[in-house]
Structure formats: structure tokens, C-alpha cells
Amino acid sequence: MKALLTAVLCLGVALNAQAKAKDGPETLIFTNVNVVNTRDGGIDQGVTVVISKDRITGVGKVGFVPERRNLQIINANGKYLIPGLWDMHVHSGFISPVWDEKVIYPLYLANGVTGVRDMGGNPDILNARRKRIEAGELLGPHLILAGPFLSNTKADAQTISVNTPEDARQAVDAIKARGEDFVKILNVPRDAYFAIAGEAAKQKIPFVGHVPYSVSAREAVAAGQKSIEHLSGILLACSSKEDDLRAKGLTALASRDYASYQKLGDEVMATYDQSRAQVFFRQIASSTTWQVPTLVWTQANSRIDSPDLQNDPRLKYVPASVHDQWAPAKLLKTTSASELAGLKKEADRDVEVVKAMHAAGVQFMAGTDGPDPYVFPGFSLHDELEWLVKSGFTPLQALQAATLSPALFLVKADKYGLAEVGHVADLVLLDANPLQDIRNTRKIFGVVVGGKYYSRGALDKMLDQVEKLAAQQ
Ligand SMILES: [Zn+2]
């Protein structure tokens with residue numbers, strides 16, 4: 001209340017300063033809004049929220065707001081205000097500048113996704129883009145960058161080839177020197193993995209990504225891997241025959257015997273050991289490792305044979321050139337029938353595993369791995385939240401996985417993840433309460449990005465433009 005009054009009293013000063021301001025008002029006010037507290041699920045009912053420039057400067061109960069020039073007042077009666085959403089696993093620097101900047105970014109914002117963690121792409125492109133976004137020259141979400149992939153494959157624009165401990169140390173030093181936020185591991189040999197962990201600790205940069213097959217997820221957690229993507233290595237670490245199956249898998253991979261490697265998946269699932277899993281999950285829960293299960297991605301991979309795929313209304317936002325690569329016939333060509341059967345089993349199993357891990361207190365974040373086939377930038381984050389609820393999360397816990405948890409993980413909870421005074425004004429205004437039904441996060445009435453308000457009409461215009469562009473590409 002006090003903060004709000006101060007904010008309102010200070011308007012005179014703010015208004016003078018903003019005469020030279022760019023477009024739109026510098027002060028945005030929501031009246032009569034229900035603010036969702038992502039910390040505890042409390043709802044501040046019917047309050048006024050004052051936003052000055054890019055920050056929330058007041059939240060309180062007032063009946064009167066002075067009407068002035070350069071002041072935008074939104075009657076948010078009956079609406080619910082949540083912090084901007086974060087997708088913690090995307091690839092937004094891959095396909096082309098047009099696709100990335102004019103398709104993906106508007107799709108994120110139109111879906112209330114105001115921050116993303118990019119998990120591998122061309123670092124030059126992404127760093128330049130981040131600067132333009134933060135300078136207000138390009139409309140897009142906040143970008144957190146993991147830089148290039150560290151992988152035992154050959155080097156390219158988005159990959160540093162890592163085969164030895166020396167390669168590993170050099171790669172970590174280079175990533176740190178470039179100012180990336182994370183080191184991303186794709187697949188590296190065992191000794192290189194531990195060299196990454198050692199150098200990352202020395203350089204004080206977190207490392208994240210896949211757990212290579214040569215390393216137990218148990219070891220990855222102990223080594224301080226800050227996030228594990230796609231539950232990689234988790235099921236194997238829960239197998240009563242973990243060491244034996246790992247040895248067999250490594251032999252199969254070394255001799256490129258992919259058929260035998262795939263068959264191991266069934267055995268991994270068949271030898272799932274509940275008590276072993278419980279001990280492991282408690283180890284993760286008491287560690288600093290987060291999980292980004294990307295359930296929506298696993299589900300998409302397991303449904304490439306579904307006839308419904310081509311009827312997805314969101315395909316209209318996918319440029320034809322990308323859509324071509326998503327053609328089921330093409331995808332099925334590189335996925336054998338037995339592999340697809342394995343993917344289906346694994347997709348179901350992942351939901352159960354997330355349930356058990358969540359019950360054991362493991363920390364989770366929402367991520368999608370878009371734009372992989374049928375993982376739609378922006379839209380699919382809402383699907384992921386629904387999958388988390390199907391995996392035993394309450395709606396509040398699912399919402400936290402895309403708001404407060406990313407902020408805590410990024411050590412930026414003073415700026416993001418909460419709709420509170422002092423926080424960055426990245427917000428989503430919903431027509432209905434997301435704590436009653438997580439699907440309500442899709443009912444977007446407006447989005448605030450860095451203090452600038454986009455009404456439903458403005459968001460629809462954004463989507464229309466993407467649709468037009470997609471049709472031309
Ligand atoms: Zn990925």
C-alpha cells in the first residue's frame with residue numbers, strides 16, 4: 001500500500017522525465033486485478049498494480065488512480081496476474097534469422113513466455129541478438145545462453161568438439177571468456193566429462209545438459225551438474241543392472257550397433273528397481289541439480305505416427321520450409337518401428353518417473369526443446385505445464401516450474417519469477433485462475449514485456465503476422 005502511494009505520488013516527476021520517452025506511456029496501471037503469488041499460491045484480490053518503466057513499483061489496495069497524460073490504465077477486473085513465463089529449454093538460434101526473430105520470438109511473447117534458456121545454438125548470433133533485445137531494438141524474450149554444445153562430434157558453428165580432458169578444459173575456458181551463462185554438455189567421453197566438471201567449478205560457471213552414457217546420473221549429480229535435460233541417464237541409474245547395461249550400451253555404441261543399443265532401453269525399464277530409485281531420488285533432492293524433463297518433447301517424439309499430427313491448428317505458424325522437415329514420412333524414415341515402440345513406452349514411463357521424483361522432493365523446471373518437430377515455440381510450454389500436472393504437480397507447482405523455479409535456478413529471483421514490487425515488469429494477465437486449472441495459463445488477456453503492455457488484440461496481430469510470414473516461407 002505504502003509502495004503504491006509512493007509510486008503514485010512520484011508520477012509527477014516521472015512524467016516530466018518521460019516527455020522525451022520513446023513510444024507509449026511510462027506508467028502502466030492495472031486496477032482491480034487478482035495477483036497470484038508464485039511463492040505460496042496466495043492471491044491478492046482486487047488490487048492495483050503500478051508499473052513504472054520496466055519495474056513493478058506498487059501493489060496495493062486503492063480506490064483512486066489519478067488520470068493523467070502518459071498513464072495507461074487497464075481495467076483488469078476479474079483477471080489474474082502472473083509473472084512472465086520461462087521456457088528453460090529451447091533452441092532459438094538455429095534455423096534462420098527470419099524464423100528465429102519474426103516467428104519464434106513473437107510466438108513466445110504471444111504465449112506469455114518472456115524468458116527462455118537457450119540450450120545450444122550459434123553463440124555469435126545469439127549473443128548479438130541478446131544485446132539487441134536488452135537494448136529494446138528487437139522484441140523478444142530475455143535470453144539466457146548456454147553457448148555452443150560440447151560434443152564428441154565434429155565442430156561446427158554451434159558445436160565445440162570435445163574428445164579429451166584437454167579439449168574439455170579449453171572449451172570451458174572459452175565459454176567462460178565469452179560470457180555465456182552455462183556450459184552445455186551433449187555427449188562427451190567419461191574423462192572429458194569430469195574435466196568439464198572440474199574446470200567449470202574452477203571457472204565458476206555452471207554446467208548443464210545431457211548425462212553422457214559413459215557417466216552415471218548418480219555421478220553427474222555428485223559432480224554438481226546444475227540441470228539434467230530430458231531425464232537423461234535417470235532410468236539407467238534406477239536399474240538394478242545399471243553397470244552391466246551401461247557396459248553393454250557403450251560397447252554397442254562403439255561398434256555403431258544401434259539395434260542392440262535400442263534394445264537395451266527395454267531392459268533398462270524392465271530392471272527398474274524401486275528402492276534403488278528412491279535412494280537416488282533423495283540424493284538428487286538434497287543436491288543442487290534441477291531436472292528439466294521436457295515431457296512435451298518426449299511425447300511429440302513418440303507420436304510421429306499419429307494421424308492427428310497434421311491437424312494441429314498451430315501448424316499454421318510453422319514456415320513451410322520447417323514444416324517439410326517435420327513431415328511424418330521423413331521422421332518415420334529415421335525411426336524404426338521398434339524404436340518408435342520404445343519411445344512410446346519411455347514417454348509413458350517418464351510421466352511415472354517424474355511423479356516419483358517429484359514426490360521425493362526433486363526440483364523441476366519447465367522446458368520444451370522447441371522448435372523440435374511438433375514442439376511449438378510458446379504454445380508447447382503450456383502443454384508442458386499440463387504434463388507436469390499429469391505427473392503429480394499441483395497447478396501452483398507447475399506454475400512455479402515456469403516462474404519462480406527458473407528465477408531461483410538462475411539466481412535472479414530478485415528480478416524475475418514473482419509479481420512483486422521491485423521485480424521486472426514481465427507479466428501475463430489471464431482471464432481465469434491458473435491455480436484452479438493449469439490450462440488457464442492459455443487464457444491470455446494481455447502480456448507485459450519490460451513494462452510495455454500488449455493487449456489481446458495486439459497479441460492476435462502478432463500471431464496473424466507470423467501466420468502470414470509462415471505462409472510465404
Ligand atoms: Zn535441446
Side-chain angles (χ1 to χ4, degrees), residues 22-24 54 84-147 157-158 296-297 300 312-327 367-384 426-428 442 444 446-473:
K22 23 166 188 96
D23 50 339
D54 69 337
L85 302 168
W86 283 75
D87 186 334
M88 293 303 278
H89 191 130
V90 307
H91 298 278
S92 65
F94 249 140
I95 299 180
S96 75
V98 172
W99 155 257
D100 297 340
E101 295 177 10
K102 298 197 167 143
V103 174
I104 297 189
Y105 290 172
L107 291 182
Y108 287 141
L109 297 180
N111 280 286
V113 176
T114 56
V116 300
R117 183 175 63 142
D118 193 285
M119 289 301 280
N122 185 313
D124 294 327
I125 292 174
L126 286 166
N127 274 294
R129 224 174 254 162
R130 165 151 77 179
K131 280 195 194 112
R132 285 166 60 211
I133 290 172
E134 295 307 326
E137 296 161 19
L138 173 65
L139 183 60
H142 299 290
L143 295 180
I144 298 293
L145 303 177
Q158 52 265 338
V296 69
W297 175 74
D312 195 310
R314 300 171 294 186
L315 281 171
K316 62 175 180 269
Y317 303 119
V318 178
S321 56
V322 176
H323 191 184
D324 281 352
Q325 295 163 33
W326 292 13
T368 61
D369 215 358
D372 261 16
Y374 303 94
V375 181
F376 299 90
F379 297 99
S380 287
L381 183 74
H382 299 273
D383 298 348
E384 182 70 9
D426 292 336
L427 299 159
V428 188
R442 293 192 182 94
I444 296 176
V447 174
V448 181
V449 186
K452 186 162 191 248
Y453 182 66
Y454 295 87
S455 64
R456 184 65 256 171
L459 299 174
D460 286 339
K461 216 179 253 170
M462 244 184 237
L463 291 172
D464 284 349
Q465 276 168 3
V466 172
E467 189 179 341
K468 277 196 196 109
L469 198 66
Q472 294 161 14
Q473 295 284 309

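Excluded from the calculations below are hydrogen atoms, water molecules and symmetry mates; all remaining heavy atoms, backbone and side chain alike, are included.
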One pair to check against side chain to side chain contact (heavy atoms under 4.5 Å, CB included): Thr368 and His89. What are the steps and the verdict?
CA-CA 6 Å; Thr368 61; His89 191 130; 5.9 Å; no

Requested in this report: Using the ring pair (Phe, Tyr, Trp, His ring centres under 6.0 Å) rule, take Trp297 and Phe376 through it: C-alpha gap first, then chi angles, then the decisive distance, then the call.
Outcome: CA-CA 10 Å; Trp297 175 74; Phe376 299 90; over 10 Å; no

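- Between His142 and Val116 there is no side-chain heavy-atom pair separated by less than 4.5 Å.
- Looking only at side-chain heavy atoms (C-beta outward), Leu109 and Leu139 come within less than 4.5 Å of each other.
- Contact detail for Val375 and Ala300: the closest heavy-atom pair is CG2-CB, 4.0 Å.
- Between Glu101 and Arg132, at least one side-chain nitrogen of the basic residue sits less than 4.0 Å from a carboxylate oxygen of the acidic one, meeting the salt-bridge criterion.
- Between Trp326 and Pro373 the shortest heavy-atom distance is CE2-CA, 3.4 Å.
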task = Kindly indicate, with the supporting measurements, whether the criterion side chain to side chain contact (heavy atoms under 4.5 Å, CB included) is fulfilled by Val449 and Tyr454.
result = CA-CA 8 Å; Val449 186; Tyr454 295 87; 3.9 Å; yes

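- The main-chain N or O of Thr114 is never found under 3.5 Å from a side-chain atom of Tyr108 such that the two would form a donor-acceptor pair.
- For Ser380 (side chain) and Asp383 (main-chain N/O), no donor-acceptor pair under 3.5 Å exists by modelled atom type.
- Here the CG-CH2 distance, from Leu469 to Trp99, works out to 10.5 Å after rounding to the nearest 0.5 Å.
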Intermediate values then yes/no, side chain to side chain contact (heavy atoms under 4.5 Å, CB included), Ile104 and Tyr317:
CA-CA 9 Å; Ile104 297 189; Tyr317 303 119; over 6 Å; no

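- For Ile444 against Ala110, the heavy-atom pair with the smallest separation is CD1-O, 3.8 Å.
- To the nearest 0.5 Å, atoms CG (Leu427) and CG (Leu85) are separated by 10.5 Å.
- Closest approach of Val296 and Glu384 over heavy atoms only: N-OE1, 2.7 Å.
- Going from atom CE of Met88 over to atom CZ of Arg117 covers 5.0 Å, rounded to the nearest 0.5 Å.
- The side chain to side chain contact (heavy atoms under 4.5 Å, CB included) test with Tyr374 is passed by exactly one of Leu315, Val318, Asp312: Leu315.
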TODO: Report the C-alpha distance between Val466 and Lys102 in whole Å, list the side-chain angles of each, state the deciding distance to 0.1 Å, and finish with yes or no for side chain to side chain contact (heavy atoms under 4.5 Å, CB included).
DONE: CA-CA 7 Å; Val466 172; Lys102 298 197 167 143; over 6 Å; no

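- Using a 4.0 Å cut-off between charged nitrogen and carboxylate oxygen, Asp460 and Arg456 count as a salt-bridge pair.
- Note: Met462 CE to Leu107 CG = 10.0 Å, rounded to the nearest 0.5 Å.
- Listed for the Arg130 side chain is a donor-acceptor partner under 3.5 Å among the backbone atoms of Leu143.
- For Val447 against Gly112, the heavy-atom pair with the smallest separation is CG2-CA, 4.0 Å.
- A distance of 12.0 Å separates CE in Met119 from OG in Ser92, rounded to the nearest 0.5 Å.
- Note that CG of Asn122 is 9.5 Å distant from CG of Asn127, once rounded to the nearest 0.5 Å.
- Scanning all heavy atoms of the two residues, the minimum distance from Gly84 to Trp86 falls at O-CD1, 3.7 Å.
- Although no hydrogens or angles enter the test, the distance criterion places no donor-acceptor pair under 3.5 Å between the side chain of His91 and the main chain of Asp118.
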